[in-house]
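Reading through the structure tokens given below for one structure.
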Amino acid sequence: MMKAAEVLNRYMAREQGSRDWRLLPSAVSVWAGVLLEHRVFEVWVASEDGMPLPHTVWLLAVPVLLAVVVVSVVLCKRRMKRGKVKRRRYAKVMRLIGRLPPMRGQIVVMVTAGLCAMLAGGLHDMRDHDDVLMQTVRDGGGEVAVAVELLAPMTASTVRGSACQTSVRVLQARHSGVAAPSSAKALLLVSSLHCDWMHGGTYQIRAEAQPARFGAQSIWLTADDAADGRQIRDPPIWRQAAESMRQSFIEVTKRLSQQGQVLVPGLTMGVLGQDAQINGTPQNGLAGEELDKAYAANLEDGFRHAGIMHLMAVSGGHFVLMAALVRWCCARMLLPRIVVTCSMVLVYMMLIVLMYPSDSVLRAAAMGMIGCACLLCGRASQAMSALSWTVMITVILAPDMARSFGFALSCAAVCGIVMFNACCADVLDDYMPSTMAQTMALTLTAQLFTLPVQVLMSAEVPVFAILANMFAAPVVAFATLTGLFSLAVSWLSPTMGFVGAWLASLATGVLAKIAMLLGGSRLSAIQWPEGACGALMLLGVQMACAMFVALVRYGVSRRRKRRHHKDEHGTVTDSDDGGAMTGEPYHDRFMDRVRLWWQETRFMVFGS
């Protein structure tokens, strides 16, 4: 049998410092642990029909299990060293684990991380379960007086009877004359009288608390025109400045065409034009062409069916573009590394403040900050390691993120790009130009990893998603940069802001054409089973297709090797020394033949 030292040497020979995926299993364990804990909590603790457990038992169960696992591993390791393990089966298992040094540590870390995540999720669920507002909703709801902090700017309401909505954190709730502190998150639905409330401010209002009928939030707070709302605390000065810049930018976009009014705010800030608020009223293009709500809804459906709706959500693209721009400018001025890092952190903070809050923005900002830390230390950043740290820290500190579709889509897309983008681009580079191959590989890997999550959200699979993303990629960067320029200068010079927004609308016009062409027909999306079963079915289909492609490539590779390394005598030999030829045989690619044909044609036609 192979010795432990040989296994370790083989493992070290395969290891690459620039391709560090060791934290990926731990990140998956953390995510799965929180989801499992939440499900168990719902069934065994929070459910009235289930088997209720005392909170003290639930609180102590996970730490005790964690301690047992860690102590057992340590004691077993010491007993193995001292030769005190007498049971043969147990000794064989421990010796087998001992011969795999990397896997032993990996398993221990995965189990420990998963149990820590379950502990954090349990504490979070118990706090929410005992919250006064949650108890009020479980008892049937009713009118409550709440003090809330706005977690996002106001947007147009998706519920009939309300004008605006936003996510809030409840600080205090008073019900039936009893006031108690609260930390629950809810969706606040208000009338037009309160649509001018600002992000970051604290307000008091009487509202009707009820269970949510749909959406991410579990509680709805509905306030009508008769609700008496007042401001308790002003937003921070930097929140007020960001709100002023957003309002100026939305005012500028009102002068654009129909598609510009809808898409430019969405691509720039993460909120569609028909959902944006200005001066307390829904944005409706009063200063320019009036926005047709039916056209806006049709355009949104086209983007969704074409598979490019993610372009209207701010994610890593904004951060990558701004980071590249900052580093390019700093490199031209030969600035030291610490100045470059501080500049990137400042730009990231500005993006976080100006963009509409979302889970994808949180993921991109966290990975960007980890990259800045690597830059400051003089080390190359690793995307997979940064993604794993982001997932573990975010999910443990905010267990609700484990159930967020936006966070899952963002993480899945980044994971697919990091794992398979390079190899996919190498394969496609044989059949198309390099730029097109890289663009298609980026789109293909991101789409394949996010499709199972999309099926969990809706029972549709976009047919032309890869094609639409490939066509949209060349104009997205230009539209994003010009939109951000307009956002940055609209408060200072509306004319310059309009120029940037108009340039961005030229690019979004191309996106609108792509969405209506590829997403406007009944064939643009196929129906698929919804829920976890549909996601597993789609994942199985993807794995089967991947295995088929791998087998075909393996067969073609074997056939090429036999054809090039064998002749009628056996082995191809060198004519000088008669020895066997070494190295990889040369295979002309399709693109090589195309490039050669184009060079010869250009020489014959133009003479150069």
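Quick note: residue numbers are just sequence positions, from 1.
Within the 4.5 Å cutoff, side-chain heavy atoms of Y356 are placed close to those of T155. You'll find the side chain of V463 stays beyond 4.5 Å of the side chain of H305, heavy atoms only. Looking only at side-chain heavy atoms (C-beta outward), S182 and M134 stay at 4.5 Å or farther from each other. Contact of the V40 side chain with the M118 side chain is not registered, since no non-hydrogen atoms from C-beta on lie closer than 4.5 Å. The shortest distance between side-chain heavy atoms of H310 and S410 does not fall below 4.5 Å. The side-chain heavy atoms of S29 and V111, taken from C-beta on, include no pair separated by under 4.5 Å. Looking only at side-chain heavy atoms (C-beta outward), R246 and P153 come within less than 4.5 Å of each other. At least one side-chain heavy atom of D301 sits less than 4.5 Å from a side-chain heavy atom of R304.
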Criterion side chain to side chain contact (heavy atoms under 4.5 Å, CB included) on L484 and L351, from CA distance to verdict:
CA-CA 9 Å; L484 290 175; L351 283 176; 4.2 Å; yes

Does E251 form a salt bridge (charged side-chain N to carboxylate O under 4.0 Å, His left out) with K254? I'd like the steps, not just the answer.
CA-CA 5 Å; E251 287 180 359; K254 291 194 303 181; 5.8 Å; no

Derivation of the side chain to side chain contact (heavy atoms under 4.5 Å, CB included) call for V146 and Q172
CA-CA 6 Å; V146 292; Q172 187 183 53; over 6 Å; no

Before giving the answer on side chain to side chain contact (heavy atoms under 4.5 Å, CB included), spell out for Q454 and L409 the whole-Å C-alpha distance, their side-chain angles and the decisive distance to 0.1 Å.
CA-CA 8 Å; Q454 294 181 27; L409 285 171; 3.9 Å; yes

Using side chain to side chain contact (heavy atoms under 4.5 Å, CB included), reason through S315 and V361 one step at a time and then give a plain yes or no.
CA-CA 5 Å; S315 187; V361 172; over 6 Å; no

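Under the 3.5 Å distance criterion, the side-chain polar atoms of S244 are left unmatched by any main-chain donor or acceptor of Q240. D131 places a side-chain N or O within donor-acceptor distance of the main-chain N or O of S183, the cut-off being under 3.5 Å. Proximity of a side-chain donor or acceptor of H318 to a complementary backbone N or O of T268 within less than 3.5 Å is detected. Side-chain N or O atoms of H175 include one that pairs as donor or acceptor with a backbone N or O of E143 at under 3.5 Å. A distance-only check finds no donor-acceptor pair linking the side chain of Q258 to the backbone of Y295 [under 3.5 Å]. The backbone N or O of I250 lies less than 3.5 Å from a partner atom in the side chain of T253, making a donor-acceptor pair. Between the T394 side chain and the V391 main chain, no donor and acceptor come within less than 3.5 Å of each other. The backbone N or O of G534 lies less than 3.5 Å from a partner atom in the side chain of W528, making a donor-acceptor pair. Side-chain N or O atoms of N469 include one that pairs as donor or acceptor with a backbone N or O of A465 at under 3.5 Å. Proximity of a side-chain donor or acceptor of T508 to a complementary backbone N or O of V264 within less than 3.5 Å is not detected.
Under the 3.5 Å distance criterion, with hydrogens and angles disregarded, a donor-acceptor pair is assigned to the side chains of E300 and Q274. If you check the side chains of Q165 and T158, you find a donor sitting under 3.5 Å from an acceptor. There is a side-chain donor-acceptor pair under 3.5 Å between E243 and Q247.
To the nearest 0.5 Å, the span separating CD on Q217 from OG1 on T166 amounts to 9.5 Å. To the nearest 0.5 Å, atom CG of residue D196 and atom CD of residue Q231 are 9.0 Å apart. With rounding to the nearest 0.5 angstrom, the CG atom of L267 is 11.0 Å from the CE atom of M269. With rounding to the nearest 0.5 Å, the separation of OG in S167 from CG in L150 is 9.0 Å. For the atom pair CD of Q261 and CZ of R255, the computed distance is 11.5 Å after rounding to the nearest 0.5 Å. With rounding to the nearest 0.5 angstrom, the CG atom of L256 is 11.0 Å from the CG atom of L291.
Heavy atoms only, all atoms of each residue included: A163 and C195 are closest at CB-SG, 4.0 Å. Here the closest non-hydrogen pair linking A535 and V455 is N-CG1, 3.8 Å. For the residue pair A120 and I396, the shortest heavy atom distance occurs at CB-O, 3.5 Å. The minimum heavy-atom distance linking G273 with P265 is given by the pair CA-CG, 4.2 Å. Considering all non-hydrogen atoms of both residues, Q259 and S505 come closest at NE2-O, 3.0 Å. Smallest separation of non-hydrogen atoms from H129 and R138: O-NH2, 2.7 Å.
Within a 6.0 Å radius of CE in M198, more than 12 heavy atoms belonging to other residues, nucleotides or ligands are found. Annotation: W491, atom CH2; neighbour count of heavy atoms from other residues, nucleotides and ligands within 6.0 Å does not exceed 12.
Contact check on D400 versus R403 returns a salt bridge, with a Lys/Arg side-chain nitrogen under 4.0 Å from an Asp/Glu carboxylate oxygen.
Partner of E149 under the salt bridge (charged side-chain N to carboxylate O under 4.0 Å, His left out) criterion, chosen from R169, R239, K185, R233: R169.
In this structure, W31 and F407 have tilted ring planes: the angle between them lies in the 30° to 60° band.
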